[in-house]
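Written out below as structure tokens is the structure these notes cover.
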Amino acid sequence: VFQLVMVGNPVMTHLFLGLNPGGLAGVPFTGIITDAFSCRAVELGLLAHRDAQLTIPPQGRGFIGSDALAGLLTLPDPRPLPYLYLDIGTNSEVILADKKGMWAASAAAGPAFEGAGIRCGMRAVHGAIDHFCWDEGPLLYHVLGDEAPRGMCGSALIDLLAWLLEKELMASNGNIIESSAQVPVRIGSQGKEMVIVPADKSQQGIPVVLSQEDVRSLQLAKSAIRAAIEILLKESGTRAEDLKAVFLAGAFGNYLNPENAIKAGILPSIKPD
């Protein structure tokens, strides 16, 4: 291998290069490196040809990383303007483009959508419920690896929020409504919690639940991303209904059900197509 390209958010890029990311910890949130950077791969201990070059594309400002900018290069050409590009993760990057220019914001969503800090949350690995679905019947789920469920990953949590709102089992402010025939509600260590998968159907013999605290964590993550979207729409003078396309990136974005993301309020009220 003679050529390597590395992209990532500004903090990860600094850590990768062995640079102090302290400048990103306070105003004006500026790191040591912002421009494109190249060096010999061997200097960073990478296994490649001794003369292999490593290139890092330029960072955006603040916490807009080279990963978000690289993602823009994958979009179709010509691009449908105006469009919204979201790379959803702990550090979520939101970019809006129209004929006048481009606007970008980062959103500190935290790790809730990656399953961290959620009582029965987990990464998208075997044993994780990755999707919930329903029509007029009961709530059904799909488990990665076709085994008994151990927990829920981010895409499933968004589906679940959409279902709870649609069935009026959760108030618009996120409060869990008392038990119904559709899903049992009990008092757990974190207050009210819904039993999504009973103990006898789970992999570990422990019920898979969604607690009130879990909902609050998901609300914070959702609000950070939605706030970034609303600010960019306002700054650019774009109406949500005028968007021609919404591109979802990142591991989480690729598995997200757009319709349920709209129902859960992560995305504005736009046409799912």
Side-chain angles (χ1 to χ4, degrees), residues 1-111 113-114 116 123-125 154-155 224-225 228-229 231-232 235-236 244-256:
V1 174
F2 282 88
Q3 180 79 40
L4 298 92
V5 178
M6 175 272 186
V7 296
N9 74 49
V11 173
M12 294 301 164
T13 300
H14 277 65
L15 296 176
F16 180 79
L17 292 172
L19 301 175
N20 182 355
L24 292 159
V27 177
F29 306 106
T30 303
I32 296 171
I33 174 174
T34 54
D35 295 331
F37 178 84
S38 292
C39 68
R40 290 173 65 212
V42 70
E43 293 175 39
L44 296 170
L46 296 175
L47 295 176
H49 189 277
R50 65 183 181 181
D51 294 322
Q53 285 290 305
L54 170 80
T55 301
I56 298 177
Q59 307 288 308
R61 292 185 182 181
F63 290 93
I64 304 297
S66 56
D67 52 347
L69 302 185
L72 292 177
L73 297 177
T74 70
L75 301 185
D77 195 20
R79 293 167 185 180
L81 295 170
Y83 68 80
L84 193 63
Y85 172 96
L86 294 98
D87 188 344
I88 300 175
T90 301
N91 174 56
S92 297
E93 289 141 324
V94 184
I95 297 171
L96 189 147
D98 68 11
K99 292 177 182 177
K100 301 189 295 291
M102 300 179 81
W103 292 260
S106 59
F113 288 142
E114 294 167 10
R123 292 185 302 112
V125 295
S155 52
I225 295 167
I229 294 172
I231 288 169
L232 295 190
E235 287 288 321
S236 65
K244 296 289 191 296
V246 176
F247 299 100
L248 299 175
F252 174 60
N254 273 279
Y255 291 98
L256 196 60

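Excluded from the calculations below are hydrogen atoms, water molecules and symmetry mates; all remaining heavy atoms, backbone and side chain alike, are included. Since this is a predicted model, take the numbers as computed values, not measurements.
The line from SG of Cys39 to CD1 of Ile56 is 6.5 Å long, rounded to the nearest 0.5 Å. To the nearest 0.5 Å, the span separating CG on Asn20 from CG on Leu15 amounts to 9.0 Å. Distance CD1/Ile64 to OG1/Thr34: 14.0 Å, rounded to 0.5 Å. Leu96 CG to Glu235 CD: the interatomic distance, rounded to the nearest 0.5 Å, is 11.0 Å. For the atom pair CG (Leu232) and CG (Leu84), the distance works out to 7.5 Å, reported to the nearest 0.5 Å. One finds the OG1 atom of Thr55 at 4.5 Å from the CD atom of Gln3 (value rounded to the nearest 0.5 Å).
Looking at residues two or more places apart in sequence or on another chain, you find a side chain to side chain contact (heavy atoms under 4.5 Å, CB included) between Ala124 and Leu144, Cys153. Scanning for ring pair (Phe, Tyr, Trp, His ring centres under 6.0 Å) contacts around Phe247 gives Tyr83, with sequence neighbours left out. For Thr30, the side chain to side chain contact (heavy atoms under 4.5 Å, CB included) test picks out Pro28, with sequence neighbours left out.
Between Leu69 and Val7 there is no side-chain heavy-atom pair separated by less than 4.5 Å. Contact check for Thr13 versus Phe37: no side-chain heavy atoms found under the 4.5 Å cut-off. Two residues are said to be in side-chain contact when any heavy atoms from C-beta on lie closer than 4.5 Å; Phe63 and Val11 meet this criterion.
The backbone N or O of Ser38 sits nowhere less than 3.5 Å from a side-chain atom of Gln53 that would complete a donor-acceptor pair. Using modelled atom types, one side-chain atom of Arg79 and one backbone atom of Leu72 make a donor-acceptor pair closer than 3.5 Å. In this structure, Arg40 contributes its side chain and Arg50 its backbone to a donor-acceptor pair below 3.5 Å.
Contact detail for Ser66 and Pro57: the closest heavy-atom pair is CB-O, 3.6 Å. Nearest heavy-atom pair, Val94 versus Ala228, reported as atom, atom and distance to 0.1 Å: CG2-CB, 3.9 Å. Residues Asp98 and Ser236 share a closest heavy-atom pair of OD2-O, 3.9 Å. Residues Gly89 and Ala109 come closest through the heavy atom pair O-CB, 3.5 Å. Here the shortest heavy-atom pairing between Ala249 and Asn254 reads C-ND2, 4.2 Å. The heavy-atom pair separating Leu81 from Ala97 by the smallest distance is CD2-O, 3.7 Å.
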Check against side-chain contact (heavy atoms from CB on, under 4.5 Å), Asn91 and Met12: CA-CA 11 Å; Asn91 174 56; Met12 294 301 164; over 6 Å; no
Leu17 vs Ile32, side-chain contact (heavy atoms from CB on, under 4.5 Å): CA-CA, chis, key distance, verdict: CA-CA 11 Å; Leu17 292 172; Ile32 296 171; over 6 Å; no
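Within 6.0 Å of CE in Met102 there are more than 12 heavy atoms belonging to other residues, nucleotides or ligands. Summarising the local packing, CG of Leu47 is surrounded by 12 or fewer heavy atoms from other residues, nucleotides or ligands at distances under 6.0 Å.
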